[in-house]
Amino acid sequence: MRSLVIGASGGIGGAVAEKLGQRGEVVALSRSGAGLDVTDEGCVAAALERLDGQFDLVFVATGALGSPEKAIRSLDARALADQFAVNAAGPILVLKHALRLMPRDRRSVFAALSARVGSIGDNGLGGWYSYRASKAALNQLLRTAAIEVARTHRQAVVASLHPGTVATRFTEGYAHRKVPPETAAANLLAVVDRLTPAESGGFFDYAGKTIPW
């Protein structure tokens, strides 16, 4: 198995890369390790153009929480745009430039970390405007891309994944029950292993259950 992990310096990305290393070759890229800024398309294109061969799995573990708004009065246009740049535009730009690295003659997977709070149907608490909206946008982008990808890569799977609450720097200060990154990585890869092309474009949690849009 050959895998590409984007965002490999983060808690979840690092754990995913480590577990994939037990299965085969892993190319691990990140902002801190390789200068890969997913908000800069030129940077994304240059980084992926340097890669050769094909990847069975492209896993995007980038993301930013920002300062979650508790009320609409806290909304800031710049902060909103920044969340969209990292959480929505970043992963879809990776797919745009990584598609040529995914095989057409066998199963391959493109997976990106989303979040349950990106579900519109599951939103019963409100708040977190920018983060929620950017993850909802990511889900729509991947859903749309899955339709196009299926025309050229008939066995490909494109998926949004919710990792649960994971004990990383990202979740410091939040009192929710958390799982270690290693556990989250194992859960996510188990989901990736089970997904079929018929499920491409879906939004799944760490147990493989479908999350409402």
Side-chain angles (χ1 to χ4, degrees), residues 1-64 85-114 138-139 141-142 145-146 148-150 152-163 166 168 170 181-182 184-197 199-202 204 206:
M1 183 174 182
R2 190 165 187 246
S3 306
L4 171 62
V5 179
I6 307 294
S9 62
I12 299 175
V16 167
E18 184 175 352
K19 288 197 176 294
L20 287 171
Q22 300 168 11
R23 304 185 181 192
E25 179 188 355
V26 178
V27 175
L29 301 177
S30 65
R31 179 194 285 259
S32 62
L36 176 55
D37 180 358
V38 296
T39 68
D40 181 341
E41 184 172 4
C43 185
V44 172
L48 298 187
E49 283 171 3
R50 290 193 287 267
L51 302 179
D52 296 316
Q54 296 181 325
F55 291 90
D56 302 289
L57 171 62
V58 179
F59 194 102
V60 181
T62 56
V86 176
N87 294 330
I92 199 66
L93 288 175
V94 172
L95 177 55
K96 175 182 176 180
H97 293 282
L99 188 57
R100 70 172 186 87
L101 300 169
M102 296 170 63
R104 297 190 181 205
D105 60 349
R106 65 179 189 274
R107 180 181 182 271
S108 60
V109 179
F110 180 94
L113 292 185
S114 185
L138 170 64
N139 295 340
L141 289 166
L142 292 183
E148 180 180 347
V149 170
T152 55
H153 297 67
R154 299 178 67 86
Q155 299 180 59
V157 178
V158 177
S160 298
L161 300 179
H162 167 58
V166 186
T168 66
F170 193 86
E182 297 75 18
N187 291 339
L188 291 168
L189 291 178
V191 174
V192 166
D193 290 342
R194 295 195 300 266
L195 291 176
T196 68
E199 296 172 295
S200 187
F204 307 95
Y206 52 88

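This chain uses plain numbering: 1 for the first residue, then up along the sequence. Worth saying up front: this structure is predicted, and the values here are computed from it rather than measured.
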Closest heavy-atom pair and its distance - [X], [Y]:
X: V38; Y: V44; value: CA-CG2, 3.7 Å
X: M102; Y: V109; value: CE-C, 4.1 Å
X: V86; Y: P91; value: O-CD, 3.3 Å

Who are the side-chain contact (heavy atoms from CB on, under 4.5 Å) partners of [X], not counting sequence neighbours?
X: A150; result: none
X: D37; result: R31, T39, D40, C43
X: R154; result: none
X: A145; result: I92, L95

Discussion item. One pair to check against side-chain contact (heavy atoms from CB on, under 4.5 Å): L113 and N87. What are the steps and the verdict?
Written reply: CA-CA 9 Å; L113 292 185; N87 294 330; over 6 Å; no
Worksheet item: Mind checking what makes side chain to side chain donor-acceptor pair (under 3.5 Å) contact with T196, not counting sequence neighbours?
Response: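 With neighbours one apart ignored, the set is E199.
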Worksheet item: Residues two or more places apart in sequence or in another chain: which of them pass side chain to side chain donor-acceptor pair (under 3.5 Å) with S160?
Response: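 Scan of S160 (side chain to side chain donor-acceptor pair (under 3.5 Å), adjacent residues dropped) gives N139.
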Item to complete: Could you give me the CA-CA distance, side-chain angles and deciding distance for V26 and V16, then say whether side-chain contact (heavy atoms from CB on, under 4.5 Å) is met?
Response: CA-CA 10 Å; V26 178; V16 167; over 6 Å; no
Worksheet item: Within a strict 4.5 Å, meaning less than it, do heavy atoms of the L99 and V149 side chains meet?
Response: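 They are in contact (side-chain heavy atoms under 4.5 Å apart), so the answer is yes.
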Worksheet item: Can you check whether R107 reaches L195 side chain to side chain, under 4.5 Å on heavy atoms?
Response: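 R107 reaches L195 side chain to side chain.
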Show me the side-chain donor-acceptor pairs of residues 50-62 shorter than 3.5 Å, one per line, residues at least two apart or across chains.
unit_1: Q54; atom_1: OE1; unit_2: R106; atom_2: NH1; d: 3.4
unit_1: D56; atom_1: OD1; unit_2: R106; atom_2: NE; d: 3.0
unit_1: D56; atom_1: OD1; unit_2: R106; atom_2: NH2; d: 3.3
unit_1: D56; atom_1: OD2; unit_2: R2; atom_2: N; d: 2.9

Worksheet item: To the nearest 0.5 Å, how far apart are CD1 in I6 and CG in L93?
Response: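 Atom-to-atom, I6:CD1 and L93:CG are 11.5 Å apart.
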Item to complete: Measure the OG-CG distance between S114 and L142 for me, rounded to the nearest 0.5 Å.
Response: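 Answer rounded to 0.5 Å: 8.0 Å.
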Worksheet item: Is there a donor-acceptor contact under 3.5 Å from the side chain of H153 to the main chain of S108?
Response: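 Such a contact is absent between H153 side chain and S108 backbone.
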Item to complete: Keeping the roles fixed (side chain from S200, backbone from V158), state whether a donor-acceptor pair exists under 3.5 Å.
Response: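 Confirmed, S200 side chain pairs with V158 backbone.
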Fill in: Residue pair V27, V5: steps toward the side-chain contact (heavy atoms from CB on, under 4.5 Å) verdict
CA-CA 6 Å; V27 175; V5 179; over 6 Å; no
Worksheet entry | All pairs passing side chain to side chain donor-acceptor pair (under 3.5 Å) where residues 92-101 contributes a residue, at least two apart |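 For residues 92-101: E41-K96, E41-H97.
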Discussion item. According to salt bridge (Lys or Arg N to Asp or Glu O under 4.0 Å), does anything in residues 9-23 pair up with another residue at least two apart or in another chain? List the pairs.
Written reply: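 Of all non-adjacent pairs touching residues 9-23, those that pass salt bridge (Lys or Arg N to Asp or Glu O under 4.0 Å) are R23-D193.
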Worksheet item: Around atom CZ of F204, are there more than 12 heavy atoms of other residues, nucleotides or ligands at under 6.0 Å?
Response: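 Atom CZ in F204 is crowded, with more than 12 foreign heavy atoms closer than 6.0 Å.
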